[in-house]
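Written below as structure tokens is the structure these notes are about.
Everything numeric in this text was worked out from a predicted model, so none of it was measured. A, B, ... follow the sequence lines: proteins, then strands. Residue 1 opens every chain.
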Amino acid sequence: MTIVGFEMKQFPVQVEQPQQGGNIFSRVFDELTAFCRSRSLFILHYCTGCGAIELPPAMTSRFDMERLGISPMVSPRQADILLITGYVSVKTLKRVILTYEQMGSPKYVIGICSCTVNGGMYWQSYATAKKLNDYMPVDLYIAGCMPRPEAVITGLRELMEHIRLGQANGWQDYYRRYDHYLGNQQRLFGETWQTPTDVIAESRHYGLFGEHTLGGHTMLLEQHQNPLEPLTMSLGLDDKTKVGS
Amino acid sequence: MHWSELAIELTLMPLVAFIVGLFMVLMMRKIAARLQRRVGPPLLQPLYDIVKLFSKQTQTSHGLLHEIGIVMAVGGYVAAETLLPVPGMNGVAEKGGMITLLYLTMIPSLGMALGVGQCANPNGSIGISRALTAMLAYDIPFVIVIAGVAMHFGTTNLVDVVAQQQAGGIGSWGATQMPLLALAGLFALQGMLGKQPFEIYVAPAEIATGPMVEMGGKFLGGLFVMQCFQLYTAAVLYVTLFLGGGENWITFLGKSFAVLVIPMSIAFLFPRYRTEDMITMLWKWPVVLGLIGLVFVGS
């Protein structure tokens, strides 16, 4: 991912390609799943800004995304793509990260509009996050202010091609370099920032633990971390402290 | 019947049901697309979805019951398929009959209730309470219809019901003999499939697909498989009761798909009722129609 005319700090990105098994059946199976993944994409829209207005035409009769196997879904658990359509304020970004961490892998993030690329017209705003890929791995940017439905669909087709070739591995990067992403998140939200998802334990469980998963920022997280507890459920409607709190 | 033949039939019947169900799901999405002047999904889209969901690399489970619930939801329908006679295969249909089938079609809803209960998601809990309420609503006309058909043919054995209708030709079909019950059955079918205007428990814009809200990966894949079975079961049951079953696979599949076109065409033209409106509607019109139909059957 390169953005012309914009100096980016280069981090070493290490994405290991899955090993090609010698067994022909396992290779066929891998290619089949990769093909099915590319042809069936459930989108979760996180419509933060004006870019959302270009999505209904892309979904409905004029451009019809369903003929490519792309359909909208409503909950992060069911979705494959997190579509962020516009500027991300600091407060919104917390919700975006919570949503992203709840999605099942392989998951892909698409940033639509220039605001997700570099802040766009909100560059000077104190309240917006400028570059989305500082806080979570972005697989694809669709630049424009706003990109038309043709551009959105072209971008989605490109993502489909990447998935089919097994190149859309941004979600693994989040596990392998969690320290980097957490550091940027802490810079915005403060040292006490934590999410209900234990990313480090997940990266160990799924065999995606890399040398940059842990670092200074995750040490800071461990110092401040409250242990995760199941939410208490209560039906005390008379107790005014519980309702709306 | 030799046990090996029975074993082959019991394996083949759910398998055929699944494959036919995939095309039924495709037809549903195509009808929706055509009504909205879209192109719609490609031929194998339902299969792509299911393979993709089962090949997700991280799975979020909420505990043992969450997984057992999905198994119950799919398993209930797999068991139901072996009780539905299809051309050339009867499975255990002669031993089961309508009443057993009626029970088996309720198991998936109960399984989902168990699984969703463990997710502790408020949207899921609302969804499942609505799903069980909906079941209560459509089961009253459904039971009346089943009772009427059983009275008319003098048996609860589905194989006998099909044989009687095929012996007498089109004039002895359930639909021509009992048009009121067939109409009430269509209402119940719409509720059973959970399609608009009775789509109260999925309601994507309101409660985020209700029971499915916490389901991802293999869990959602299981529910997609369940949907295939659900469409097949509802269509084949209606064909068996009212349209004379199938003499061969071509007429059988033709009738099954034709039956499903009716609820699907209605579904994508209407918005959603509220829960109480759905119960009022389903306990009023199809029940009255069914009871009048019962009087004609009894006289």
Query raised in the report: Who passes ring pair (Phe, Tyr, Trp, His ring centres under 6.0 Å) against B:Tyr232, sequence neighbours left out?
Result: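 Checked B:Tyr232 against ring pair (Phe, Tyr, Trp, His ring centres under 6.0 Å); zero matches.
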Quick check on [X] against chain B: is it the side chain, the backbone, both or neither that has a heavy atom closer than 4.5 Å?
| X | result |
| --- | --- |
| A:Ser38 | neither |
| A:Phe42 | both |
| A:Ala79 | backbone |

Query raised in the report: Can you tell if the side chain of A:Leu132 reaches within under 4.5 Å of the side chain of A:Leu93, non-hydrogen atoms only?
Result: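 In contact.
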Requested in this report: Report yes if the side chains of A:Thr218 and A:Leu182 come closer than 4.5 Å at any heavy-atom pair, otherwise no.
Outcome: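 In short, these two side chains touch, coming nearer than 4.5 Å.
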Query - Stepwise side-chain hydrogen bond (donor to acceptor under 3.5 Å, both in side chains) check, B:Glu81 with B:Thr233 - result: CA-CA 7 Å; B:Glu81 307 317 341; B:Thr233 309; 2.8 Å; yes
Report task. Using the test side chain to side chain donor-acceptor pair (under 3.5 Å), find all partners of A:Thr85 that sit at least two apart in sequence or belong to another chain. Result ->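 Partners of A:Thr85 under the side chain to side chain donor-acceptor pair (under 3.5 Å) test: none.
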Query raised in the report: Looking at A:Ser61, A:Ser75, A:Pro106, A:Ser105, which makes the most heavy-atom pairs under 4.5 Å with chain B?
Result: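 Of A:Ser61, A:Ser75, A:Pro106, A:Ser105, A:Ser105 has the most heavy-atom pairs under 4.5 Å with chain B.
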**Report entry** Within residues 44-55 of chain B, residues adjacent to chain A where the heavy-atom gap is under 4.5 Å
**Finding:**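 Within residues 44-55 of chain B, the residues under 4.5 Å from chain A are B:Gln45, B:Tyr48, B:Asp49, B:Val51, B:Lys52, B:Leu53, B:Ser55.
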Query raised in the report: Pick from B:Gly40, B:Gly216, B:Gly217: which one has the most heavy-atom pairs with chain A under 4.5 Å?
Result: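 Heavy-atom pairs under 4.5 Å are most numerous for B:Gly40.
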Query raised in the report: Which one, B:Glu214, B:Arg37, B:Gln36, leads in non-hydrogen pairs under 4.5 Å with chain A?
Result: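 Answer, by heavy-atom pair count under 4.5 Å with chain A: B:Glu214.
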Report task. Decide yes or no on side chain to side chain contact (heavy atoms under 4.5 Å, CB included) for A:Leu140 and A:Glu158, but give the supporting numbers first. Result -> CA-CA 9 Å; A:Leu140 191 84; A:Glu158 196 167 320; 4.3 Å; yes
Query raised in the report: Do any N or O atoms from the side chain of A:Ser203 and from the backbone of A:Ile200 form a donor-acceptor pair under 3.5 angstrom?
Result: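 Between the backbone of A:Ile200 and the side chain of A:Ser203 there is a qualifying donor-acceptor contact (under 3.5 Å).
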Query raised in the report: Any chance CD1 of A:Ile53 has more than 12 other-residue heavy atoms, nucleotides or ligands included, within less than 6.0 Å?
Result: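 No, because the 6.0 Å sphere around CD1 of A:Ile53 holds 12 heavy atoms or fewer from other groups.
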Query raised in the report: Can you list every salt bridge (Lys or Arg N to Asp or Glu O under 4.0 Å) pair that touches residues 42-60 of chain A, not counting sequence neighbours?
Result: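 Listed by first then second residue: nothing to list.
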